[in-house]
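As the structure is a computational prediction, the values presented were derived from the model and not from experiment. A note on names: the letters A, B, ... follow the listed sequences, proteins ahead of strands, and every chain is numbered from 1.
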Amino acid sequence: MPAEYTNLEKQRLEKLEQLKQKGIEPYPTRAQRTHTSRQAIEAYEAFERENLGEAPQVILAGRLRSMRVMGKITFAHIEDGDGRVQLFLRADEVGVDAFESFNKDLDLGDFIQAAGEMFRTRAGEVTLKVKEYRLLAKAITPLPAAKDEIVDGQIVHHATLADPETRYRQRYADLAINPEVRQIFRTRAAIVRAIREFLDAQGFLEVETPILQPIYGGAAARPFTTYHNQLKQTLFLRISFELYLKRLLVGNLERVYEIGRDFRNEGVDRTHNPEFTQLEFYCAYADYLQVMEMTEAMIVYVADKVLGKRILTYQGVTLDLNPPWRRLELRQGILETTGIDFQAYPTTQALAGAMRNRGIPVDPNAPRGKLIDGLIGDYLEPTLIQPTFLYNYPRDISPLAKSIPGDPTMVERFEGFIAGMELCNAFTELNDPLDQERRFLEMGRDYDSEDEQRHPMDEDYLRAMRYGMPPNGGFGMGIDRLTMLFTDAPNIREVILFPHLREREEE
RNA sequence: GGGCGCGUAGCUCAAUGGUAGAGCAGUGGCCUUUUAAGCCAUUGGCUGAAGGUUCGAGUCCUUCCGCGCUCACCA
């Protein structure tokens, strides 16, 4: 079904026709460029500084972002990957026809290349004096923002694309006109790069494990389901990497990590997207306290590398990433925020009673661990603004973590919180195959009775563990949320290029 | 899924139930150092969709679609 063109698009299609009639190919196959905008400006400044003989001759390429036609001369700006540079055209230098065509046939948003000599205008801007230019690609649809200026190197928008729906659905347009959006994704890439550097330097091996899995596990989320036609097999998109990465420890790979996509068929909100990027690493012979220290070191390494600072502002709040982070025992934290010492209420009923006494609503179907988890989310998590490790969790919400010696009800697990947001989750990994089997069975029983969601028994994982798994510490962290912190993004969608939105009927 | 809010020109936004407007960009002019260039003129709308109330609906009511916030859900 052909697109319905707007009036503005029809005008541009007419210009396209006029160009063709003049023998100008609106989408030539090849382009030329000798300098980026920044390189050209730097080359000219070097020429000025060092009194070189001749001003630099350059060919620049980029997108036309502004045009000021003033009779026999025209000023314009093109934008490329490095920034913007001004073009200056004079009818008597480019030729009258080419000059007229530049003013009439080109539009904001078109890609062009321009050749000439760099100079500095009276107003002081380093500018390309165009001898020749060539259209590289005609834009039919106008970019949604048209007016902005550059003040002290900062782009000030006077009109912009603000509607979040359009920004996310047409991210290409958002990126094309909002340089700060491009910057978010450069920062995101830098974060991932820095994490790799940090882990690689410590002898970790980066691996890739299956995304399509016959049995999902490693987290408590509902999965997406799919189907392999030829194998006639139902498959799940992974909800975590954990069980596959720990199999690798059985295989004598002592330190492994993976950075990749997880998929969870759950609600969508400010901090949750159905697919998100996760880092998980597993480190043989480490426990959760060592992982805690690694976490601090890694985050600080990334902050130094990416931001060049360890104190950042997130949504108006100053956050200090300098280690050591606050360490707060979960039991103590819940006691302080709710007045409930869950250790004093060892059964679901006793804990539920204590909660009701304090006016805290209780889900009658929730087991004890879920009640405690609820207290964390509702009362504790919002108070954890500065980086905090919450540690020692109840066993029954942590089926893959190892018990604390001498306390079978609790496990060696911590979660890292910043800005009231859960950032990471780690534990001393359970490596006792018999205990693990018991936990799986308990979970199956639990989920059978209360949850509609059954956690499948992963027999191959148990078999792997029976071969012997070294004691190890494991770690998981959401890259999207770390990027939110580092880019001061209020919403996870700001840091995902193409966030999932409900499908909309077009036309 | 519940509650609240929003949806008007390409973009950003106006418009007591009474003729749908502005700025920007677009179009036509003038202009040889501008930079949100300026000046003159001017095009552009199925007001998210469908019903209803009314003499009359962008505005009130109902349903639907989409987005945002929020609650619920979410080891």
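- Taking the P atom of each, C13(B) and U8(B) are spaced 10 Å apart, rounded to whole Å.
- Comparing L8(A) and T127(A) along RNA chain B, the residue whose closest nucleotide (by nearest heavy atom) sits nearer the 5' end is L8(A).
- A15(B) sits 22 Å from U53(B) when the C1' atoms are compared, rounded to a whole Å.
- Residue H500(A) contributes atom NE2, which lies 13 Å from atom C1' of G66(B) at whole-angstrom precision.
- Counting non-hydrogen atoms under 4.0 angstrom, R264(A) reaches nothing in the nucleic acid.
- Put simply, K104(A) has a side-chain N or O that comes within less than 4.0 Å of OP1 or OP2 on G29(B).
- Ring centroid separation for the pair F119(A) and F88(A) comes in under the 6.0 Å cut-off.
- Taking atom P on both C11(B) and G28(B), the two are 22 Å apart, rounded to the nearest angstrom.
- The side chain of R68(A) contributes no N or O atom lying less than 4.0 Å from OP1 or OP2 of U34(B).
- Taking every side-chain heavy atom of I73(A) into account, U33(B) is the closest of U70(B), U33(B), C11(B).
- Rounded to an integer number of Å, the gap from L161(A) CG to C24(B) P is 20 Å.
- Note on D92(A): a base of the nucleic acid sits closer than 4.0 angstrom, heavy atoms only.
- Between F47(A) and Y44(A), the ring centre distance stays below 6.0 Å.
- In terms of phosphate contacts, K370(A) brings a side-chain nitrogen or oxygen within less than 4.0 Å of OP1 or OP2 of C74(B).
- Straight-line distance from the CD atom of Q170(A) to the C1' atom of G10(B): 11 Å, rounded to whole Å.
- Here, U16(B) and A72(B) have their C1' atoms 39 Å apart, quoted to the whole Å.
- Of all nucleotides present, only G48(B) satisfies the Watson-Crick or G-U wobble test against C64(B), with each distance under 3.5 Å.
- Using atom P as the reference point in both C46(B) and A36(B), the two lie 34 Å apart (nearest Å).
- As rounded to the nearest Å, C40(B) and G23(B) have P atoms that lie 11 Å from one another.
- OP1 and OP2 of G26(B) both lie 4.0 Å or more from every side-chain N or O belonging to K15(A).
- As the counterpart of C30(B), G38(B) is assigned, both hydrogen-bonding distances of the Watson-Crick or G-U wobble pattern falling under 3.5 Å.
- Phosphate proximity of C74(B) to R222(A): absent, as no side-chain N or O sits under 4.0 Å from OP1 or OP2.
- Put simply, the side chain of V130(A) does not reach to within 4.5 Å of the side chain of E93(A), judged on heavy atoms.
- As rounded to whole Å, 14 Å separates atom C1' of C11(B) from atom CZ of R167(A).
- Remark: G58(B) base-pairs with no nucleotide; criterion is Watson-Crick or G-U wobble with both hydrogen-bond distances under 3.5 Å.
- Residue Q315(A) places its CD atom among more than 12 non-hydrogen atoms of other residues, nucleotides or ligands, all under 6.0 Å distant.
- Between Y168(A) atom OH and G66(B) atom C1' there is a gap of 15 Å when expressed in whole angstrom units.
- The partner of G1(B), taking Watson-Crick or G-U wobble pairs whose two distances both stay under 3.5 Å, is C71(B).
- G23(B) is paired with C11(B) under the Watson-Crick or G-U wobble criterion, all donor-acceptor distances under 3.5 Å.
- Side-chain contact between T141(A) and Q170(A) is absent, with no heavy-atom pair separated by less than 4.5 Å.
- Atom name C1', nucleotides G7(B) and C64(B): the rounded distance is 14 Å, in whole Å.
- We find that CD of E9(A) is positioned 14 Å from P of U27(B), with the value rounded to whole Å.
- With U12(B), U33(B), G26(B) as the candidates, the nucleotide lying closest to the side chain of L108(A) is G26(B).
- The only option from R12(A), K15(A), K22(A), K20(A) that meets the salt bridge (Lys or Arg N to Asp or Glu O under 4.0 Å) definition with D105(A) turns out to be K22(A).
- Taking atom C1' on both G21(B) and U63(B), the two are 31 Å apart, rounded to the nearest angstrom.
- Contacts of S398(A) with the nucleic acid, taken as non-hydrogen atoms under 4.0 Å apart, are absent.
- When the C1' atom of C11(B) is taken as reference, atom CZ of R65(A) falls 12 Å away, rounded to whole Å.
- Taking the nucleotide of RNA chain B with the nearest heavy atom to each of A123(A) and H272(A), the more 5' of the two is matched to A123(A).
- Computed from coordinates, the I372(A) CD1 to A75(B) C1' distance equals 12 Å when rounded to whole Å.
- Between N491(A) and C69(B) there is a side-chain polar atom (N or O) within less than 4.0 angstrom of OP1 or OP2.
- Residue-level contact check: A162(A) touches the backbone only, with heavy atoms under 4.0 Å from sugar-phosphate atoms and none from bases.
- The side chain of V69(A) has C31(B) as its nearest neighbour among U34(B), C73(B), C31(B).
- The side-chain heavy atoms of I334(A) and Y379(A), taken from C-beta on, include no pair separated by under 4.5 Å.
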